[in-house]
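Computed over heavy atoms, backbone and side chain alike; hydrogens, waters and symmetry mates excluded.
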Amino acid sequence: MRIVIGSDHAGFPLKATVVDHIRKSGHAVEDVGSHDDQPVDFPDIAKLVTGSVADGRADRGLLVCGTGVGASIAANKVRGIRAAVCHDIHSAHQCVEHDDVNVMCIGAQIVGPWLALDLIDAYLAAEFSTDEDFRRRVEKLHQMDNER
């Protein structure tokens with residue numbers, strides 16, 4: 001799978017661990033920044049991650065910021081992106097299985113490295129359900145995108 005990852009300065013320390021883990025799991029990783037711990041605005045990083053997912057260069061995206069909340073808000077502004085903050089294993093896989101989430105956001109100040117890696121494993125292993133109810137609901141999300 002092709003994964004694009006980005007972080008702001010709050011997520012930067014965790015990102016190196018995450019990138020290494022994803023690569024060791026056999027996935028290709030595009031790191032769009034930030035590349036140091038200097039302050040950066042999370043919407044700028046979210047735009048880079050979501051652009052790569054929206055245009056098909058990446059299969060899924062990951063955003064790491066302080067809480068994951070700001071990154072999620074920014075990511076969800078982009079048509080075709082379904083981003084979710086995930087700080088527990090159940091949400092990390094169910095967001096893909098039920099809602100076809102394509103960008104997971106995690107808070108580096110909320111979860112430690114060991115939990116972050118478990119979250120990412122659950123997220124990347126999950127597949128969108130073939131259940132008609134979930135498909136119908138996600139189609140309604142696509143329709144909402146087109147109403148903007």
Side-chain angles (χ1 to χ4, degrees), residues 1-8 10-34 42-148:
M1 195 178 306
R2 297 166 300 157
I3 309 301
V4 60
I5 185 168
S7 71
D8 67 0
F12 175 74
L14 178 60
K15 187 176 64 164
T17 301
V18 167
V19 168
D20 183 57
H21 178 75
I22 295 170
R23 284 190 176 129
K24 285 180 179 173
S25 298
H27 303 288
V29 179
E30 176 188 8
D31 181 352
V32 297
S34 70
F42 64 82
D44 297 333
I45 300 298
K47 191 171 183 179
L48 295 172
V49 168
T50 58
S52 189
V53 173
D55 72 12
R57 286 178 288 141
D59 300 305
R60 293 200 192 154
L62 285 164
L63 283 164
V64 185
C65 70
T67 64
V69 174
S72 175
I73 292 168
N76 279 309
K77 298 289 183 185
V78 176
R79 187 181 310 243
I81 298 299
R82 290 167 309 285
V85 177
C86 297
H87 292 146
D88 65 90
I89 302 299
H90 182 71
S91 297
H93 67 80
Q94 188 171 338
C95 72
V96 175
E97 295 164 354
H98 291 194
D99 305 309
D100 201 19
V101 161
N102 52 15
V103 175
M104 183 173 74
C105 306
I106 57 175
Q109 296 168 341
I110 308 299
V111 302
W114 59 270
L115 180 53
L117 300 183
D118 287 347
L119 295 171
I120 291 163
D121 287 346
Y123 169 66
L124 296 180
E127 295 181 14
F128 186 35
S129 173
T130 58
D131 183 283
E132 189 177 306
D133 291 338
F134 301 129
R135 296 281 171 154
R136 182 184 65 254
R137 292 170 189 146
V138 169
E139 179 54 36
K140 289 182 179 187
L141 295 175
H142 290 295
Q143 290 171 8
M144 291 172 71
D145 266 346
N146 293 327
E147 292 170 1
R148 291 188 200 179

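Atoms CG and OG, on Asp99 and Ser91 in that order, are 10.0 Å from each other to the nearest 0.5 Å. Between the CD atom in Glu97 and the OG1 atom in Thr130 there is a gap of 11.0 Å [rounded to 0.5 Å]. Atom-to-atom distance recorded for Lys140:NZ and Arg137:CZ is 8.5 Å, nearest 0.5 angstrom. Distance CD/Gln94 to CD1/Ile89: 13.0 Å, rounded to 0.5 Å. Atom CD1 in Ile45 sits 11.0 Å away from atom CZ in Phe12 (nearest 0.5 Å). Of the inter-residue distances, the one linking Arg135 atom CZ with Glu139 atom CD reads 10.5 Å to the nearest 0.5 angstrom.
The closest donor-acceptor contact from the side chain of Arg79 to the backbone of Asp145 lies under 3.5 Å. In this structure a side-chain-to-backbone donor-acceptor pair under 3.5 Å is present from Thr50 to Ala46. At distances below 3.5 Å, at least one donor-acceptor pair connects side-chain atoms of Asn76 with backbone N or O atoms of Ala83. Between the side chain of Asn102 and the backbone N or O of Arg82, at least one donor-acceptor pair lies under 3.5 Å.
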Test side chain to side chain contact (heavy atoms under 4.5 Å, CB included) applied to Val78 and Lys47, step by step:
CA-CA 8 Å; Val78 176; Lys47 191 171 183 179; 5.7 Å; no
Under the criterion side chain to side chain contact (heavy atoms under 4.5 Å, CB included), I'd like the reasoning laid out for Ile106 against Leu14: C-alpha separation, chi angles, the key distance, then a yes or no.
CA-CA 10 Å; Ile106 57 175; Leu14 178 60; 4.2 Å; yes
Where do Asp121 and His21 land on the side chain to side chain contact (heavy atoms under 4.5 Å, CB included) test, with the steps shown first?
CA-CA 9 Å; Asp121 287 346; His21 178 75; 2.7 Å; yes
For the pair His27 and Ile3, evaluate side chain to side chain contact (heavy atoms under 4.5 Å, CB included) and give the outcome as yes or no after the intermediate values.
CA-CA 7 Å; His27 303 288; Ile3 309 301; 4.1 Å; yes
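Nearest heavy-atom pair, Val103 versus Ala75, reported as atom, atom and distance to 0.1 Å: CG1-CB, 4.4 Å. Closest of all the heavy-atom pairs between Ala122 and Ala92 is CB-CB, 4.0 Å. Looking at every heavy atom in both residues, Ser52 comes nearest to Glu30 through OG-OE1, 3.1 Å. Considering every non-hydrogen atom in both Ala108 and Val64, the closest pair reads CB-CG1, 3.9 Å. Of all the heavy atoms in Ala10 and Gln109, the pair that sits closest is CB-NE2, 3.9 Å. Between Phe134 and Phe128, the shortest heavy-atom contact is O-CZ, 3.8 Å.
Using a 4.0 Å cut-off between charged nitrogen and carboxylate oxygen, Asp20 and Arg23 do not count as a salt-bridge pair.
A 4.5 Å side-chain heavy-atom check between Ser34 and Asp8 finds every atom pair outside the cut-off. Two residues are said to be in side-chain contact when any heavy atoms from C-beta on lie closer than 4.5 Å; Met1 and Arg60 meet this criterion. A heavy-atom distance below 4.5 Å is not found between the side chains of Val138 and His98. Two residues are said to be in side-chain contact when any heavy atoms from C-beta on lie closer than 4.5 Å; Val101 and Tyr123 meet this criterion. In this structure, the side chains of Ile5 and Val49 stay at 4.5 Å or more apart for every pair of heavy atoms.
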